[in-house]
Amino acid sequence: MLDLKLIREETEKVQTALLKRMSPEDLDLQKIINLDNQRRSLLLVLEEKKGERNRSSKAKPTEEIIIKMKVLGEEIKTEEDELNKVELELKEAISALPNLPADDVLSGGKENNQAIYTFGEKPSFDFTPKDHVELATDLGLIDYPRAAKMSGAGFWIYKGAGAQLEWALLNYFTEHHNQRNYRFILPPYLLNESSAYASGHLPKFREDLFWTEDGLCLNATSEMMLNNYHRDEILPTEELPLKYYAYSACFRREAGSYRKEERGMIRGHQFNKMEMFQFTKPEDSWLAFEEILTSAKEMIEGLGLHFQISKLAAGDCSSAMAKTVDLEVWIPSMEIYKEVSSVSNALDYQARRSNIRFKNSNGKNEFVHTLNGSGLATSRLFPAILEQFQTSEGTVKVPVALRKYLPEDLWELKKK
RNA sequence: GGAGAGAUGGCUGAGUGGUCGAAAGCGCCGCACUCGAAAUGCGGUAUACCAGCAAUGGUAUCCAGGGUUCAAAUCCCUGUCUCUCCGCCA
């Protein structure tokens, strides 16, 4: 949520920034200001009347005053209803506004995304490379048919060496984050509706979430959980920045997505992901952004995978974010870079919605800044490892960084 | 799943319809005393919004949302959470 004061006081600036990610016909700041003016004038009258009622209720009233207050009470009720209506409308209008893109974020949509960094090179094969589905099946790492039997399309089962490789990745991440003093969180996988609103995933992603009969939804990214972790709290200033990382399985309906082009485990209903999250003082958040980005980058580089970093254009960032950078790993069979991590700074946009504050140097409560970055999602790394590190014999050489988590006979994955 | 108890300021805890934004204690901050500290004494100590240049004033907030009443921390309803007992438990 944007600051209403900012909208009122720096309307031009807000307008210009928002136009980087919105079309002019969707943007009407004057409507918001008008609603707020309406709200203020209603408040003025209403509070005066309430004040009068309070003064008359300090002691036992006379019969005459009771009659007067009865009438006043009716008026208050009517005006309160009116105020509530205006406030609701105002809240909806302001909640619909996305965050202000950071200054260095380009306007427009996906087409304006910009590759800003590349690591390694596209592997070239002097044989016909297999895709990851073929490799995973041949090497007995993943069982697709049984997963389909048990749960339907869009699921897979890690088995044997495949499960161990997946687990090794998670161990690799854990160790990486622990070394950087992030606190490990294992959150619940189900969360209630109000949390999904607070994290900003509702109402927008209602169709993309799985829902239980109890009205809970399955975690789609632990960003949802970490966002809510400190909801309605005033964080101890001396503990900032607070750094967390969480592991959870993530569940997404991915309704209407492109199964055909995204075979195997590129896009499924359930995948494993670790998430980094920071709560910082406002002045520290861009530094934290770089730190998270570097951390994610180092993890992929440590695996030796070819990947690139893209700075997303304003319209391609999710709406809560001032800036988002994607780390995308090369999938040879698809000839495309696929996101394995998304690093974002929400500034105070999420904190305002979740009401997470700290005491600033003036002793005033101020909203913190929140940042998050995947660290990392395995479901694209796994295919990338299989495809990028396959050999002409049909085996896969496991990245050195993962070998300490695996028995020696799995350092090269071979057909059994 | 059934029965019961509870939720009050940073904390403990009083308050069962009006003078209660809320006693008391603790904590914290300031001042006094002291060479300094402790102890003691005095004063202060929530948040949000609105009006105002400001001083200040107003409104709301006693888990949340509704309701009753001229008036609600207090009465009624619903929900959430916590605790106790019983049942169930792949």
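Below, chain A is the first sequence line, B the second, and so on; all start at residue 1.
- Cation-pi contact between A:K297 and A:Y117: present, with separation from the ring centre below 6.0 Å and deviation from the ring axis of at most 45°.
- Pair check for B:C81 finds B:G6; Watson-Crick or G-U wobble, both atom distances under 3.5 Å.
- Atom name P, nucleotides B:G10 and B:A22: the rounded distance is 15 Å, in whole Å.
- Taking the P atoms as reference points, B:U78 lies 14 Å from B:G2, given to the whole Å.
- Judged by Watson-Crick or G-U wobble contacts below 3.5 Å, the nucleotide B:U40 has B:A32 as its partner.
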When every nucleotide of nucleotides 45-63 of chain B is labelled 5' to 3' by its protein contacts under 4.0 Å (heavy atoms), B for base, S for sugar-phosphate only, - for none, what sequence of letters results?
--SSSSS------BBS---
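- Atom-to-atom, CG of A:D81 to P of B:G66 comes out at 10 Å; the value is rounded to the nearest Å.
- Here the P atom of nucleotide B:G79 and the CG atom of A:D214 are 15 Å apart, to the nearest Å.
- Comparing B:G21 with B:A60, their C1' atoms are spaced 11 Å from each other, to the whole Å.
- With P as the reference atom, B:C20 and B:A73 are 12 Å apart, rounded to whole Å.
- Using a 30° and 60° split on the angle between ring planes, A:W156 and A:Y158 fall in the perpendicular class, above 60°.
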Assess whether side chain to side chain contact (heavy atoms under 4.5 Å, CB included) is satisfied between A:E298 and A:T294, documenting all intermediate values.
CA-CA 6 Å; A:E298 284 172 359; A:T294 302; 3.4 Å; yes
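- Nucleotide B:U74 has no partner under the Watson-Crick or G-U criteria, as no pair reaches both atom distances under 3.5 Å.
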Atom pairs under 3.5 Å, N or O on each side, protein against nucleotides 18-23 of chain B: can you list them with distances?
| unit_1 | atom_1 | unit_2 | atom_2 | d |
| --- | --- | --- | --- | --- |
| B:G18 | O2' | A:K58 | O | 2.9 |

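- When both distances must be under 3.5 Å, the Watson-Crick or G-U wobble mate of B:G17 does not exist.
- Computed from coordinates, the A:K49 NZ to B:A71 P distance equals 15 Å when rounded to whole Å.
- Using cut-offs of 30° and 60° for the angle between ring planes, the A:H177 and A:Y245 rings count as tilted.
- Summarising the base pairing, B:U61 is matched to B:A46 through a Watson-Crick or G-U wobble pair whose two defining distances lie under 3.5 Å.
- Within 6.0 Å of the CH2 atom in A:W286, the count of heavy atoms belonging to other residues, nucleotides or ligands exceeds 12.
- What separates CD1 of A:I66 from C1' of B:C70 is a distance of 5 Å, to the nearest Å.
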Do A:S342 and A:D326 pass the side chain to side chain donor-acceptor pair (under 3.5 Å) test, and can you show the C-alpha distance, the side-chain angles, and the key distance before you say yes or no?
CA-CA 4 Å; A:S342 195; A:D326 276 359; 2.7 Å; yes
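- Taking atom C1' in both B:C42 and B:U47, one finds a spacing of 28 Å when rounded to whole Å.
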Is there a side chain to side chain donor-acceptor pair (under 3.5 Å) between A:R252 and A:N219 once you walk through the steps?
CA-CA 8 Å; A:R252 298 181 183 180; A:N219 172 70; over 6 Å; no
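- Rounded to whole Å, atom C1' of B:A64 lies 16 Å from atom CD of A:E193.
- Taking the C1' atom of each, B:A3 and B:U12 are spaced 30 Å apart, rounded to whole Å.
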Could you please spell out the steps behind the side chain to side chain contact (heavy atoms under 4.5 Å, CB included) verdict for A:H369 and A:Q350?
CA-CA 8 Å; A:H369 281 192; A:Q350 286 180 326; over 6 Å; no
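- Other residues, nucleotides and ligands place no more than 12 heavy atoms under 6.0 Å from the CG atom of A:L287.
- The side chain to side chain donor-acceptor pair (under 3.5 Å) contacts involving residues 62-71 of chain A comprise nothing, where partners must be two or more places apart or lie in separate chains.
- Note on ring orientation: taking the six-membered ring where Trp is involved, the planes of A:H230 and A:Y244 are tilted (angle from 30° to 60°).
- Nucleotide B:C11: paired with B:G25 (Watson-Crick or G-U wobble, both distances less than 3.5 Å).
- Base pairing annotation: B:U69 forms no Watson-Crick or G-U wobble pair, as no partner gives both donor-acceptor distances under 3.5 Å.
- Searching all strands for a Watson-Crick or G-U wobble partner of B:G1 with both distances below 3.5 Å returns B:C86.
- Spacing between B:C63 and B:G27 at atom C1', rounded to whole Å, works out to 24 Å.
- Rounded to whole Å, the separation between the C1' atoms of B:C50 and B:C28 comes to 30 Å.
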